[in-house]
Amino acid sequence: EEETAYWACLVAQELGPKAKQAVPALTGLLASEKPEVRREAIMALATIGPEAASAGEALSKCLDDPLSQAAATFALGRIGNAPAGAQAKIRVGAQSKDPLVKVLSAWALAKIHAGDKAVLRDAALAMVQGLTSDKEAVREAAAQGLSDLRPGPDMVCPLLDSALKGAEPEVIENALNALATLGPKAVPSLIEALKHEKSRPGVAFILGKIGPEAEQAVETLVGLLGDSNRATCHEAAIALGKIGPASKRAVPALAKLVESAEPPAAYGACFALGKIGQDAAAAKPALLKAMAGKDESLAGLAAWALAYVDPADDAAAKKAVPLLAAALKEPDAQIREHAALALGEFGAAAK
C-alpha cells in the first residue's frame, strides 16, 4: 500500500528477525520511486539480518544508487552474505572518497568474510581512520564497527597510535569521544588495551567518559597511578574520579599521588578524591598538606576536594574557605562555578 509502506518498514525495523515473513514485500519496495521508502525498506532488511539473504541481488542494485549505497552496504553486512557482484561493488566502496561509505564498506566486507584476518585488519584500519573524521556520523559508525568486529587491542592499539600521532587535539578528543559512546560493552576490551603503554592515556580518557559503568576497570586504573608516564597517571586519576565512589579502593594510591605534588598527576588525584567523596576520608592528611603547599593550583584543588570528602570538619573548612573564596575571582568561569559549589558544601562554615 503506497500510503502505508513507509510506516510498515519502520515497524518491520522494530520487529527485526521476527519480521522475516516480510522479506519478499520489503525486497519489492527496493524498486520504489520514493527514496525514503527504499531507504527504510533496506534498513528493515538489515535488522532482519541473515534471514533476509534472498534480498541480496536487489540490494546489490541499490549499491549503484548514491542515495541508497550506504544503507545497502550496511544491510549486506548485517545479512553477512552477498552475491559476487555485490561484493565487487562493496570493494569499490571501500576505496570511496565518501568517508561513511568507506567505513561501512570495510565493515561489511569483514562481516561477509568472517574469519579472514587480512580482511579484518583492513577493516580495523578503515574504522580507526574513520574515528579521526570531522563528521560525527562517520566517527560513530567507525566506533560501532570496531565494537561489532572486535578485532582486539593488539590490532587496534597500534593502528590508533599511528592514526592519532601528531593529530590536532580536537581530532584526538573527537576520536576518543566516539569510542566512549560504546559504553559499558567496550570496557573489557579497553581494560585489555591498557596493556599497551602508548595507548594508556587515551584509553583511560575513554573509561572516564564511560563513567560509573566502567567500574570493573578500577583495579587496573589503580595500578596505573604509579606509571612512569605522568600523562598516564593523570588520566587514570581523572578516570577513577569520573567512575566515582566505586573507586574508593584507589584512595591510598591517590593520596600518595597528591603528596608527590607533581602536576598534572597530583591535580588529577585531588579531582578523584573529591569525586569519591566521604569514602576518601583517609586522604584528608594529604589534602591538608597540599593546601599548605606552594603550588596554588594544587592548594585550590585540595580545598575543593575537602569540601566533598569531609564538609563537616570545621577546622578543615577554616583553611579551605579562603582558598575557595579567592578562586571566585578566577577568569575561568568553570573554576568560579566549582569554587562556589564547594563553598556551598561547607555550608555555614563558609559564611
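Note that the structure is predicted; figures quoted are calculated from it, not measured. Numbering starts at 1 and runs along the sequence shown.
A heavy-atom distance below 4.5 Å is found between the side chains of Ile79 and Leu59. Between Leu179 and Leu160 the shortest side-chain heavy-atom distance falls below 4.5 Å. Side-chain contact between Val187 and Glu213 is absent, with no heavy atoms from C-beta onward closer than 4.5 Å. Between Asn229 and Glu197, every side-chain heavy-atom pair lies at or beyond the 4.5 Å cut-off. Contact annotation: the side chain of Gln13 approaches that of Glu40 to within less than 4.5 Å [non-hydrogen atoms, C-beta and beyond]. Using a 4.5 Å cut-off on side-chain heavy atoms (C-beta onward), Asn177 and Phe205 make contact. Put simply, the side chain of Leu131 does not reach to within 4.5 Å of the side chain of Leu176, judged on heavy atoms. Put simply, the side chain of Cys233 does not reach to within 4.5 Å of the side chain of Leu224, judged on heavy atoms.
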Worksheet item: Going through the distances and angles, do Leu164 and Val128 end up as a side chain to side chain contact (heavy atoms under 4.5 Å, CB included)?
Response: CA-CA 9 Å; Leu164 299 182; Val128 168; over 6 Å; no
Fill in: Intermediate values then yes/no, side chain to side chain contact (heavy atoms under 4.5 Å, CB included), Leu190 and Ile210
CA-CA 11 Å; Leu190 292 169; Ile210 293 172; 3.7 Å; yes
Item to complete: Under the side chain to side chain contact (heavy atoms under 4.5 Å, CB included) rule, what do Met291 and Leu306 come out as? Steps first, then yes or no, please.
Response: CA-CA 10 Å; Met291 280 201 308; Leu306 270 171; 3.3 Å; yes
Practice prompt. Using the side chain to side chain contact (heavy atoms under 4.5 Å, CB included) rule, take Cys270 and Trp304 through it: C-alpha gap first, then chi angles, then the decisive distance, then the call.
Written response: CA-CA 8 Å; Cys270 280; Trp304 170 85; 5.8 Å; no
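Distance check, rounded to the nearest 0.5 Å: CG of Leu159 to CZ of Arg121 gives 6.5 Å. Rounding to the nearest 0.5 Å gives a distance of 11.5 Å between OG1 of Thr27 and CD of Glu57. If you take OG on Ser247 and CG on Leu273, they are separated by 10.0 Å, rounding to the nearest 0.5 Å. Distance check: Leu125 CG to Ser162 OG gives 8.5 Å after rounding to the nearest 0.5 Å. Rounding to the nearest 0.5 Å places OG1 of Thr4 at 11.0 Å from CH2 of Trp7. Distance check: Leu240 CG to Leu225 CG gives 5.5 Å after rounding to the nearest 0.5 Å.
The cluster map of Ile, Leu, Val, Met, Phe, Trp and Tyr, joined by side-chain heavy atoms under 4.5 Å apart, puts Leu100 and Leu63 in different clusters. Residue Val218 is grouped with residue Val203 when hydrophobic side chains (ILVMFWY) are merged at heavy-atom distances under 4.5 angstrom, including chains of intermediate members. Note on Val37 and Phe74: separate hydrophobic clusters, where clusters join Ile, Leu, Val, Met, Phe, Trp and Tyr whose side-chain heavy atoms are under 4.5 Å apart, directly or indirectly. Taken together through direct or relayed side-chain contacts under 4.5 Å among Ile, Leu, Val, Met, Phe, Trp and Tyr, Leu76 and Leu109 form part of one hydrophobic cluster. Each of Ile112 and Val101 belongs to its own hydrophobic cluster when Ile, Leu, Val, Met, Phe, Trp and Tyr are linked at side-chain heavy-atom distances under 4.5 angstrom.
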Please report, to 0.1 Å, the donor-acceptor pairs under 3.5 Å made by any side chain of residues 333-351, with sequence neighbours excluded.
from	atom 1	to	atom 2	distance (Å)
Arg336	NH1	Glu330	O	2.8
Arg336	NH1	Pro331	O	2.9

Side chains of residues 146-158: which donor-acceptor partners sit under 3.5 Å, not counting sequence neighbours?
from	atom 1	to	atom 2	distance (Å)
Asp148	OD2	Trp107	NE1	2.9
Asp148	OD2	Lys111	NZ	3.1
Asp154	OD1	His196	NE2	3.1

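A side-chain donor-acceptor contact under 3.5 Å links Thr181 to the backbone of Ala178. Of the possible donor and acceptor atoms, one in the side chain of Gln87 sits under 3.5 Å from a partner among the backbone N and O of Ala82. Between the side chain of Thr132 and the backbone N or O of Gln129, at least one donor-acceptor pair lies under 3.5 Å. Between the Thr73 side chain and the Gln69 main chain, a donor and an acceptor come within less than 3.5 Å of each other. With hydrogens and angles ignored, the 3.5 Å screen pairs a side-chain donor or acceptor of Arg200 with a backbone N or O of Leu194. With hydrogens and angles disregarded, a donor-acceptor distance shorter than 3.5 Å links the side chain of Thr47 to the backbone of Ala44.
Residue-environment remark: CD (Gln216) exceeds the threshold of 12 foreign heavy atoms within 6.0 Å. Few gaps surround NZ on Lys89; more than 12 heavy atoms of other groups in view lie less than 6.0 Å from it. For Arg249, the CZ atom sits in a packed shell: over 12 heavy atoms of surrounding residues, nucleotides or ligands are nearer than 6.0 Å. Residue Glu36 qualifies as enclosed at atom CD: its count of foreign heavy atoms under 6.0 Å is above 12.
Between Val222 and Ala250, the shortest heavy-atom contact is CG2-CB, 3.4 Å. Between Ala204 and Ala236, the shortest heavy-atom contact is CB-N, 3.9 Å. What you find for Val258 and Ala286 is that their closest heavy atoms are CG1-O, 3.7 Å. The two residues Ala19 and Ile48 come nearest to each other via the heavy atoms O-CD1, 3.5 Å. Shortest non-hydrogen contact noted between Cys62 and Ala72 is CB-CB, 3.8 Å. Residues Leu104 and Ala70 approach most closely at CD1-O, 3.6 Å, considering heavy atoms.
Side-chain N/O atoms of Asp161 and Ser199 include a donor and acceptor closer than 3.5 Å.
Classification of Arg38 and Glu33 as a salt-bridged pair fails, no side-chain N sitting under 4.0 Å from a carboxylate O.
Applying the side chain to side chain donor-acceptor pair (under 3.5 Å) test to residues at least two apart or on different chains, the pairs with a partner in residues 306-316 are Lys284-Asp310, Lys284-Asp313.
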